[in-house]
Amino acid sequence: MDLMDISFKNEIATAIGRAVRSAYGDKLPEIYGAFKTDETGFDVFIESKLEIPKDIKLGDYAFPTFVLAKIVREKPVEIAGKIAGLLDNDSFSVAGPYINCTVSTSRVAETILPQIFERGGGFGGSTIGEGKKIVIDFSSPNIAKPFGVGHLRSTAIGNSLYRIFEKLGFECVGVNHLGDWGTQFGKMILAFIKWGDRKELEKEPVKYLYDLYVRFHREEEEDPSLSDDARNWFRKLEKGDSEAVELWNLFKDYSLREFERIYKILGIKFDHYTGESFYNDKMDAVIERLDKAGLTKMSQGALIVDLEEYGMTPCLLRKADGATLYSTRDLAGIFYRHESYDFHKAVYVVGSAQQDHFKQVFKVIELLGEDYADRLVHVGFGWIKFADKAMSTRKGTVIFLEDVIDTATRKATEIIMKKNPDLPDIEATAQMIGLGAIIFADLGVKKHKDVNFSWEEVLNFEGETGPYLQYTHARLSALLRKYEKDVAADVDFGLFQSLEEKALLMHLYRFDSVIEIAAEKYEPNFIAEYLLELAAVFNRFYQRKDTHGKLIKIISDNEQETGARMLLVAGVRTVMKEGLRLMGIEAPEQM
RNA sequence: GCCCCCGUGGCGUAAUGGAUAGCGCAACAGCCUCCGGAGCUGUUGGUCCAGGUUCGAUUCCUGGCGGGGGUACCA
């Protein structure tokens, strides 16, 4: 028995559809014509028009009659009255032009709660992605540069999308397309040869390389010849010059060790670390393939694919000096991923600044006539700004992600020491909370907007924050600890009477559709918004008072009532924990 | 110049084209004889401008204004 198959929405739509048919039998051909449907499709159409009223007191679903007004040439209010008169069910009511429908609380409860109870963390998942692979390219920091907070967006969004798609049954492949190739390494190598010292490098490798990088860009402004020398060094690296390769390997080893430490803290794993250098020996094949297709041409000494007729600047394959570019490497990456994974979608979680780049590259694939061209997706996002400024690696104004994690963790430790000094394993919990605050500061904002990442914002654990969600989870967990019996699913669902309980149940009911929308729009923020609302609704339920202003406790002397409420509490906790997991945030039992 | 993104109270943020624009921070006023106050309740305050489409626009279209990004040999 799967009660979810008989959704409330579907039932309501069918009832309304039936009423419309009997009210406007003579005008049905026009109605069906207007909505390009037939009798069987009509109820589906109605269902698609159902809305959730702003105020839960109005009902749980609403049908706006405006859509029919023009066709039947009657006022929406009259239509609503006429249709409602034919609905022989007192769960429907009319409010102006809307037909509102209320589902009984017990009905919602008996549908949703046993299901959460049985499926646990699997609740909200589906199998729509079964047998399909999604390659997600995310994080992708540059070797020999620090992991700054600027890298957080791709990392957090990509990791969350990975988990969201996985929950929908897709097989995900997480790829870290390390920036380990390109002219910048000519710069690093040159800078190290000019000013570097191996002993100093060993002490704090990434910091040391970063200082060299900043110095290079400072001196480059005074002495432009450095730019040419750097390009020259990159060309030598590409040709396998032993000195260049040795240094490059050295930088790469140090950096990878550093990155892996940070990913471990964040709880993120990649299936593959295939950086740009991985494609170095695949460049010729790319160019050959494009040549054969007749897409390439020389222009100003460089090899390009001309995209002018599509209103784009050309896609550069090889520079005048013979070195390849990131477009060439991304094309190689697409070919490789297609051959290796036969993906359903290949997703690139990369900043919006690179939108034109991906448009070009995807266009080239399309021009090759590849059928998977429209399955390439660039998920762009805005900048992380700190104190209203974008951070620049070159200028040395980067804020290290690890410093932010440390500061947030320290702040969490202080708060725990004050509020809950007996908490076991304070250190681990504080880190969970610090990370929760940081990740939520990112995912709490729609991806295409810039994130204003100030210390004040990250270190504030009150209001709409990660720690607020974690706190709510800890509070739910505390209730379950205090309730010494096992939670059981066979409760009296008729005991759910209050509006607060209804709101909670309806919200739990929406979880799976929120996950689907988040996946469809590649937008983890939907999960964040959903959980904030879940926490708010629960906390209102938790602190509701009777008419005398006395707190109505969840755990009371009434065993039946308590049992029912605890089933609800367990359900909310499961969804909260699972939702946080989808964002890459851990949920502490205590904090 | 051209292309893309953003513009919602003092600040931050939400709203499949729908009902009275929802939250958070800050401020002010309340709520623990406490199932965890990292919470809850209340108050003040908002859709950049001008047109258009629509029964209905924060949302869609056109044109401005403001901010950010991109605009072939960086990634």
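When reading the values below, keep in mind they use all heavy atoms of this one structure, side chains included, and skip hydrogens, waters and symmetry mates. Order of the sequence lines sets the chain letters (A, B, ...), proteins ahead of strands, with each chain counted from 1. For clarity, every value in this text was computed on a predicted model and none was experimentally measured.
Remark: K385(A) fails to qualify as a cation-pi partner of W383(A) under the 6.0 Å distance and 45° angle criteria applied to the six-membered ring. At least one cation-pi condition fails for K49(A) and F63(A): the charged atom is not both under 6.0 angstrom from the six-membered ring centre and inside a 45 degree cone around its axis.
Within 4.0 Å of L316(A), counting heavy atoms only, lies at least one base atom of the nucleic acid. Residue contacts for P314(A): at a heavy-atom cut-off of 4.0 Å it reaches a base atom on one of the strands shown. Using a 4.0 Å heavy-atom cutoff across all strands shown, I416(A) reaches at least one base atom of the nucleic acid. Here R231(A) lies in heavy-atom contact (under 4.0 Å) with sugar-phosphate atoms only. Among the heavy atoms of the strands lying under 4.0 Å from Q590(A) is at least one base atom, whether or not backbone atoms are also near. Here K545(A) lies in heavy-atom contact (under 4.0 Å) with sugar-phosphate atoms only. Among the heavy atoms of the strands lying under 4.0 Å from M591(A) is at least one base atom, whether or not backbone atoms are also near. Within 4.0 Å (heavy atoms only), A535(A) reaches no atom of the nucleic acid at all. Within 4.0 Å (heavy atoms only), L532(A) reaches no atom of the nucleic acid at all. At the heavy-atom level, A412(A) lies nowhere under 4.0 Å from the strands shown. Residue-level contact check: S299(A) touches the bases, meaning some heavy atom is under 4.0 Å from a base atom. No engagement by E456(A) is indicated, since no non-hydrogen atom pair under 4.0 Å with the nucleic acid exists.
Distance from the side chain of Q354(A) is smallest to A75(B) among G68(B), C23(B), A75(B). Here G37(B) is the nucleotide among U71(B), G70(B), G37(B) with the atom lying nearest to any side-chain atom of Y542(A). Which of A19(B), A14(B), G24(B) sits closest to the side chain of N525(A) comes down to A14(B). Of all nucleotides listed (U13(B), A19(B), G68(B)), U13(B) comes nearest to the side chain of V445(A). The side chain of K54(A) sits closest to A21(B) out of G69(B), C74(B), A21(B). For F66(A), taking side-chain heavy atoms from C-beta onward, the closest of the listed nucleotides A75(B), C55(B), G39(B) is C55(B). Closest approach to the Y326(A) side chain among U13(B), A75(B), G68(B) is made by A75(B) (side chain taken as heavy atoms from C-beta onward). Checking C4(B), G69(B), U71(B) against every side-chain atom of Q355(A), the shortest atom distance belongs to C4(B). You'll find that the side chain of D356(A) is closest to G70(B), out of G70(B), G39(B), G12(B).
Contact check, H448(A) against C6(B): a side-chain N or O comes under 4.0 Å of OP1 or OP2. The shortest distance between the side-chain N/O atoms of T183(A) and the OP1/OP2 oxygens of C74(B) is below 4.0 Å. For R540(A) and G39(B), the shortest distance from a side-chain N or O to OP1 or OP2 is not below 4.0 Å. Phosphate contact (OP1/OP2 of G39(B), side-chain N/O of R475(A), threshold under 4.0 Å): absent. Phosphate proximity of C40(B) to Y468(A): present, with a side-chain N or O under 4.0 Å from OP1 or OP2. Contact between the side-chain N/O atoms of R318(A) and the OP1/OP2 oxygens of A72(B) is not found at any separation under 4.0 Å. Contact check, K449(A) against A14(B): a side-chain N or O comes under 4.0 Å of OP1 or OP2. Considering only side-chain N and O atoms, K70(A) lies under 4.0 angstrom from the phosphate OP1 or OP2 of C55(B).
The closest donor-acceptor contact from the side chain of W248(A) to the backbone of D180(A) lies under 3.5 Å. At distances below 3.5 Å, not a single donor-acceptor pair connects side-chain atoms of E523(A) with backbone N or O atoms of I517(A). Without hydrogens or angle criteria, E30(A) side chain to I71(A) main chain gives no donor-acceptor distance under 3.5 Å.
A perpendicular orientation is assigned to the rings of F259(A) and F147(A), their planes being inclined by more than 60° (bins at 30° and 60°).
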Intra- and inter-strand pairs of RNA chain B in dot-bracket (Watson-Crick or G-U wobble, both distances under 3.5 Å; | for another strand)
(((((((..((((....[...)))).(((((.......)))))....(((((..]....))))))))))))....
For the pair K9(A) and E47(A), evaluate salt bridge (Lys or Arg N to Asp or Glu O under 4.0 Å) and give the outcome as yes or no after the intermediate values.
CA-CA 6 Å; K9(A) 255 183 125 169; E47(A) 189 175 344; 5.4 Å; no
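Annotation for K577(A): atom NZ does not count as buried by contact number, only 12 or fewer foreign heavy atoms lying within 6.0 Å. The number of heavy-atom neighbours closer than 6.0 Å to CG of D557(A), taken from other residues, nucleotides and ligands shown, is 12 or below.
Partners of A80(A) under the side-chain contact (heavy atoms from CB on, under 4.5 Å) rule, at least two apart in sequence or in another chain, are T65(A), V94(A), I99(A).
At a cut-off of 3.5 angstrom, the base of A19(B) holds at least one donor-acceptor pair with the side chain of N100(A). For Q543(A) and G39(B), a side-chain-to-base donor-acceptor distance below 3.5 Å is present, hydrogens and geometry of angles not being considered.
Taking atom P on both nucleotides, A27(B) is separated from G63(B) by 44 Å, rounded to a whole Å. A50(B) and U58(B): their P atoms are spaced 13 Å apart (whole Å). As rounded to the nearest Å, G12(B) and G7(B) have C1' atoms that lie 14 Å from one another.
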